[in-house]
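Working notes, structure below.
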Amino acid sequence: MITIKNLSKTYRTKKQNITAVDQLNMTIESGEIFGVIGYSGAGKSTFVRLLNRLEEPTAGEIIIDGKDIVKQRKNELRLARQEIGMVFQHFNLLWSRTVHQNIAFPLEIAGVPKKERKAKVDHLIELVGLKGRESAYPSQLSGGQKQRVGIARALANDPKVLLCDEATSALDPETTDSILDLLVDINKRLGLTIILITHEMNVISKICHRVAVMDTGKVVEEGDAVHVFQNPQQAVTKRFVQQLDGSEKYESLSSAVLNEGTGTIIKLSFSGENVNQTIVSQTAKQCDVDINIMQGNVLQTHSGAVGSLFLQLVGSETEVEKALNFIRSANVKAEVQELV
Amino acid sequence: MFEKWFPNVDIADLNTAIYETFYMTILSLIGTFIIGIILGLLLYLTSKGKLWENKVVYGIVAAVVNVFRAIPFIILIVLLLPFTDFLMGTIRGPSAALPALIIGSAPFYARLVEIALKEVDHGVVEAAKAMGAKNSTIMVKVLLRESTPALVSGLTVTAIALIGSTAVAGVIGAGGLGDFAYFYGFQRRQTDVVILCTVLIIILVFVIQFIGDFISNKLDKR
């Protein structure tokens with residue numbers, strides 16, 4: 001649906017040229033949530049602003065639905081922009097307008113008649129869960145509510161694509177989650193393609209189907225979100241993965257725990273594929289072992305659990321062996337931890 | 001009572017003077033508002049990084065604005081006499097004061113408009129652009145609308161400065177309270193007339209400031 005070819009953006013200053021986006025090539029499928037992650041200065045924000053030409057590309061093509069945005073003239077571009085919704089980090093609402101009027105603004109721009117506008121806005125307010133707040137001004141809303149208005153506004157003209165420029169970066173973790181849920185809901189209900197820019201790993205892991213990791217203007221790694229984080233190749237990606245599972249410290253048990261424990265200590269590794277969610281209790285039922293959960297860090301991504309879990313199995317040698325086989329048969333990696 | 005405190009004030013003349021002051025202030029304020037908004041928008045839009053970025057136009061507008069702000073009002077009136085004569089067909093009376101009043105205060109208001117527009121969050125302009133808004137829509141519905149409280153308080157400041165200017169214009173024959181105070185009060189040494197005119201102008205200033213603040217606060221939903 002969106003094809004990007006050799007997209008570049010160079011800022012020319014008197015002293016030097018700065019290449020913010022460097023020869024990007026990308027294909028984004030219709031209906032997917034595509035995440036772009038990178039540290040600040042990686043060029044991700046410039047990249048998303050190139051997509052609707054808030055920044056003029058220096059070179060390259062951006063083909064959305066068969067039309068090259070880069071080649072479009074002023075008026076064509078204006079119409080094309082009406083089909084590309086955009087959500088901003090700092091919401092960018094008009095403070096002089098109420099929630100209702102803010103959401104109606106893009107409809108006014110598109111020349112939708114007043115009657116239709118009202119029906120449409122009412123529907124959108126319902127969709128983003130702001131019923132009852134129609135006549136509030138942005139200054140009377142919380143950050144999360146403001147972003148809901150921002151999302152409703154971006155959806156007003158039934159866009160094909162939704163661009164989210166750090167849409168959750170100004171929100172607290174809880175509000176972030178609720179906004180992400182809303183985005184997933186919209187993606188499923190409307191089949192909307194979402195391109196999401198962020199520096200927060202949990203945003204990617206929670207909702208993105210595919211991810212591109214950007215560093216110094218280039219995409220250094222790209223692919224299925226779970227796959228990229230399971231096998232990070234580049235240093236940048238590895239740093240992001242650490243941000244996700246809270247560093248390496250959960251990857252092993254301290255030797256004191258290992259030596260004091262009785263029974264067998266095993267480490268389960270979940271890789272996100274077809275994980276049987278009730279593996280622990282099933283093991284206990286199937287085999288004659290007592291199970292103690294010692295430590296773990298398991299993250300639910302949209303394609304399954306990722307992480308590791310340390311279990312202590314107490315029982316006869318044969319039963320422990322049986323339990324290990326059972327776990328392994330459920331496609332979970334299980335390693336026996338040697339005493340030190 | 002009135003005659004005891006202000007023995008030299010002719011009520012009919014005073015009413016005319018008050019009327020003329022209102023006439024000059026209100027009409028010149030309307031003219032100042034229109035020209036000031038246009039110049040202010042031009043200054044803002046042609047400045048660096050804005051919708052119509054254009055160094056030459058910005059330079060010219062900024063120069064014109066600065067020149068007219070620099071000329072003292074009383075000299076401006078004299079300089080504009082031929083222009084006034086051409087435009088209004090006379091150089092006496094409250095109508096004849098209007099060109100000088102407007103030309104004198106529009107540049108001042110234009111700078112206040114420019115400041116007000118600069119205060120509008122750039123992100124909001126960008127959001128409107130991303131929605132596919134025309135430049136005209138951005139100007140009217142985003143820039144001007146979002147800056148209304150500042151535009152109104154700027155207009156209040158300008159209105160009060162204008163009242164001062166009408167008094168100055170009065171001295172060279174424009175009529176109004178300034179004229180009244182000067183001829184009856186100063187030239188005929190009738191202090192009570194000067195005091196009354198002063199009090200009336202002070203009241204007028206207070207009322208305008210109050211109304212301006214009230215409207216500005218009402219409009220401000222931030």
Side-chain angles (χ1 to χ4, degrees), chain A residues 45 48-49 51-55 69 72 74-99 101-112 135-141 149-150 153-157 159 161-166 170, chain B residues 37 40-41 44-55 112-113 115-156 212-222:
Chain A
S45 240
V48 79
R49 292 156 54 83
L51 294 182
N52 59 2
R53 276 175 64 190
L54 282 179
E55 300 276 354
I69 296 280
Q72 283 180 331
K74 222 178 152 195
N75 244 341
E76 289 175 308
L77 175 65
R78 263 197 334 101
L79 296 176
R81 278 174 173 170
Q82 291 176 5
E83 299 192 333
I84 305 173
M86 191 165 193
V87 181
F88 301 87
Q89 179 176 6
H90 298 294
F91 326 122
N92 294 353
L93 303 178
L94 289 103
W95 62 256
S96 62
R97 287 171 168 245
T98 62
V99 167
Q101 290 165 337
N102 259 296
I103 300 172
F105 188 42
L107 297 168
E108 284 171 32
I109 290 171
V112 176
S135 49
Y137 285 93
S139 61
Q140 299 164 318
L141 301 176
V149 178
R153 182 176 73 174
L155 296 176
N157 281 321
V161 190
L162 185 65
L163 308 176
C164 300
D165 186 6
E166 300 271 11
Chain B
I37 291 275
L41 264 176
Y44 174 82
L45 293 171
T46 58
S47 63
K48 202 168 181 302
K50 296 300 184 289
L51 297 178
W52 294 346
E53 180 174 346
N54 187 323
K55 262 189 186 161
L112 296 181
V113 171
I115 294 169
L117 296 175
K118 275 186 184 164
E119 292 294 308
V120 175
D121 182 6
H122 186 65
V124 182
V125 177
E126 201 152 67
K129 264 195 217 171
M131 290 175 212
K134 289 185 192 142
N135 281 354
S136 58
T137 311
I138 294 178
M139 269 180 242
V140 177
K141 291 194 169 179
V142 179
L143 289 172
L144 291 178
R145 183 64 192 86
E146 291 281 292
S147 59
T148 35
L151 293 180
V152 169
S153 39
L155 197 63
T156 311
D213 287 348
F214 181 77
I215 296 175
S216 182
N217 284 335
K218 264 271 176 254
L219 290 169
D220 200 343
K221 308 287 186 199
R222 273 173 290 198

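Keep in mind that this is a model prediction, so the values were computed, not measured.
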Side chain, backbone, both or neither of A:Leu77 within contact of chain B (heavy atoms, under 4.5 Å): neither
In short, A:Trp95 meets B:Lys221 closest at the heavy-atom pair CZ3-N, 3.3 Å
How far apart are the closest heavy atoms of B:Gly132 and A:Ile109, and which atoms are they? O-CG2, 3.4 Å
Just so I understand: if I count every heavy-atom pair under 4.5 Å between each of A:Asn157, A:Leu54, A:Thr98, A:Leu94 and chain B, which residue has the most? A:Leu94
Checking heavy-atom separations under 4.5 Å from chain B, one finds in residues 84-92 of chain A A:Ile84, A:Met86, A:Phe88, A:Asn92
Is there a side-chain contact between B:Lys141 and A:Arg97 in this structure, where contact means two heavy atoms from C-beta onward sitting under 4.5 Å apart? yes
Test side chain to side chain donor-acceptor pair (under 3.5 Å) applied to A:Arg53 - qualifying residues, sequence neighbours left out: A:Glu56
With chain A, which of B:Val142, B:Thr137, B:Leu219, B:Asp121 has the greatest number of heavy-atom pairs at distances under 4.5 Å? B:Val142
Pairs meeting criterion side chain to side chain donor-acceptor pair (under 3.5 Å) with involvement of residues 75-87 of chain A, two or more places apart: A:Asn75-A:Arg78, A:Glu83-A:Lys160
Donor-acceptor contact below 3.5 Å, side chain A:Ser96 vs main chain B:Glu146: no
How about B:Lys118: does its NZ atom have over 12 heavy atoms from other parts shown lying under 6.0 Å from it? no
Residues of residues 46-55 of chain B contacting chain A, heavy-atom criterion under 4.5 Å, by residue number: none
